[in-house]
2 protein chains.
Amino acid sequence: MKTREKILEASIELFTASGYEGTSLGAIADKVGIKKPSLYAHFKNKEAIFLEAVEIGEAGYHDLLKRMINEQKGTAAHILRSLLEEAVAAFEEEHLLSQFYYRFLFFPPSALEEKIRSITTQGTRRLDALLADIIERGQEEGELTTELTIEQMLRSYLCMLGGTDFDIRYYQHSSVDRKAYLEMIWSVFWRGVKA
Amino acid sequence: MKTREKILEASIELFTASGYEGTSLGAIADKVGIKKPSLYAHFKNKEAIFLEAVEIGEAGYHDLLKRMINEQKGTAAHILRSLLEEAVAAFEEEHLLSQFYYRFLFFPPSALEEKIRSITTQGTRRLDALLADIIERGQEEGELTTELTIEQMLRSYLCMLGGTDFDIRYYQHSSVDRKAYLEMIWSVFWRGVKA
DNA sequence: GTCTATAATCCGATAGAC
DNA sequence: GTCTATCGGATTATAGAC
């Protein structure tokens, strides 16, 4: 791996763990195995490293979700349910990306707030469209109720995804708890959307 | 207001906006209107200021929610619905407390992670108990389904609250959007739990 | 591209006068 | 309790040799 990529990889890990202000260039250089001034041969300054890390993190996170969505086959119920489980598992196993993504989406360094937001807003809409298709098909095939609109179910599903991520961080679930937790959440959602 | 309280108030604002490492004692002193060394007459060090701010933030946030829960009257449906709306409104109006609370619950300065968690875990369970009571009554009075357990509905409700907070930050809803958004989320949840 | 050396600044914290 | 003065250290960033 090229030094430049190593720098970005190390940066994502350190920024995730310690935040923007809590991560020093010295710590990044140490993790890469070079000296601090060598960083400036690859990036203009700390801000440039961080913003490029944000771009990579955003792309990586949305690719991960997109791949998950596209891999699912079967009924809408099965797809939505599997996706919930996989997404939640990813919060833990591949949690570096999602931690990085959400940390700086919600709590960006104040000076870079606008720049970050302009990077992240693009990928979101495409994911929404993929999910909306799945829900629409579920409705057409009589699995999902027609008493609700596609958008109502889409928003609720996304709310469930976000809330699950939220709760897992909040309550620090073990993997046993998590399985039971997902079952509980899903059962109410499914009761709410099934035909 | 005593200097000590001013320091804590200024600290909560600054820590919320800029994080632990991103907030300097100089900035806190400036906001209070004193010089930096004067802080040490009231607190041992930066860490002590922060940890006391966390205690105050935790207590304030949970008191806010508790007051909201206790103020609600009527059917379980009405209580749960109103609480959702009020809690979401509080995320915006009184958002300083909730921002502070969640920032450091989810992304604490690594060195203080355990200390913070020991402060915040206590208040949570009491709120869960209050909500469980409301749900139980709703079930007894035939409003809520008996096909689901109280815990299933409680977890789903909390997931909805968390997910809503999540989405509002994520999508940066305007107040018009928010009203329609809540209506959509609620309609699915209610379909999921009603008798 | 990587290094040593160093500049310039900011930080948390202390000493000591009032 | 508040201040001025200051220490010791860490930080971002640059200069310049190899």
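The sequence lines fix the lettering, A, B, ..., with proteins before strands; numbering per chain opens at 1.
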Distance in angstrom units between [X] [atom1] and [N] [atom2], rounded:
X     : N      : atom1 : atom2 : value
A:L14 : D:dT12 : CG    : P     : 12 Å
B:K2  : D:dG1  : NZ    : P     : 8 Å
A:I49 : D:dT12 : CD1   : C1'   : 11 Å

Notebook entry, point to check: So which of residues 21-28 of chain A are in contact with DNA chain C, with a heavy-atom cut-off of under 4.0 Å?
Noted result: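 Nothing qualifies; none.
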Check: Near DNA chain C, under 4.0 Å by heavy atom, which residues of residues 32-46 of chain A?
Finding: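 Output list: A:I34, A:K35, A:P37, A:S38, A:A41, A:H42.
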Check: Side-chain N or O of B:T3 less than 4.0 angstrom from OP1 or OP2 on D:dT2?
Finding: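 Yes, such a contact exists.
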Next item on the list: Evaluate the criterion salt bridge (charged side-chain N to carboxylate O under 4.0 Å, His left out) for residue pair B:D63 and B:R67; output intermediate values, then yes/no.
Entry: CA-CA 6 Å; B:D63 279 358; B:R67 231 180 303 129; 5.6 Å; no
Margin query: So that I know where these two stand, are B:F166 and A:F106 an aromatic pair - ring centroids less than 6.0 Å apart?
Written below: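 Ring centroids of B:F166 and A:F106 are less than 6.0 Å from each other.
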Item checked: Centroid-centroid under 6.0 Å between A:Y102 and A:Y61 rings ->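 A:Y102 vs A:Y61: aromatic centres under 6.0 Å.
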Next item on the list: Among Ile, Leu, Val, Met, Phe, Trp and Tyr joined by side-chain contacts under 4.5 Å, find the other residues sharing a cluster with A:L14 and list them by chain and number.
Entry: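 Its cluster mates, by chain and number, are A:I7, A:L8, A:I12, A:F15, A:Y20, A:L25, A:I28, A:V32, A:I34, A:L39, A:Y40, A:F43, A:I49, A:F50, A:L51, A:V54, A:I56, A:L96, A:F100, A:F104, A:L112, A:I116, A:I119.
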Margin query: Using the rule side chain to side chain donor-acceptor pair (under 3.5 Å), only one of A:H42, A:E52, A:E9 pairs with A:R4; which is it?
Written below: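 It is A:E52, the one option of A:H42, A:E52, A:E9 that forms the side chain to side chain donor-acceptor pair (under 3.5 Å) with A:R4.
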Notebook entry, point to check: Got B:H173 and B:L182 here, is their nearest side-chain heavy-atom distance under 4.5 Å?
Noted result: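 No - every pair of side-chain heavy atoms lies 4.5 Å or more apart.
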Item checked: Shared hydrophobic cluster, B:V193 / B:L84 (ILVMFWY, side-chain heavy atoms < 4.5 Å) ->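 Hydrophobic grouping puts B:V193 with B:L84.
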Notebook entry, point to check: Which distance, rounded to the nearest 0.5 Å, do you find between the CD of B:E86 and the OG of B:S82?
Noted result: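 Going from CD on B:E86 over to OG on B:S82, the span is 7.0 Å.
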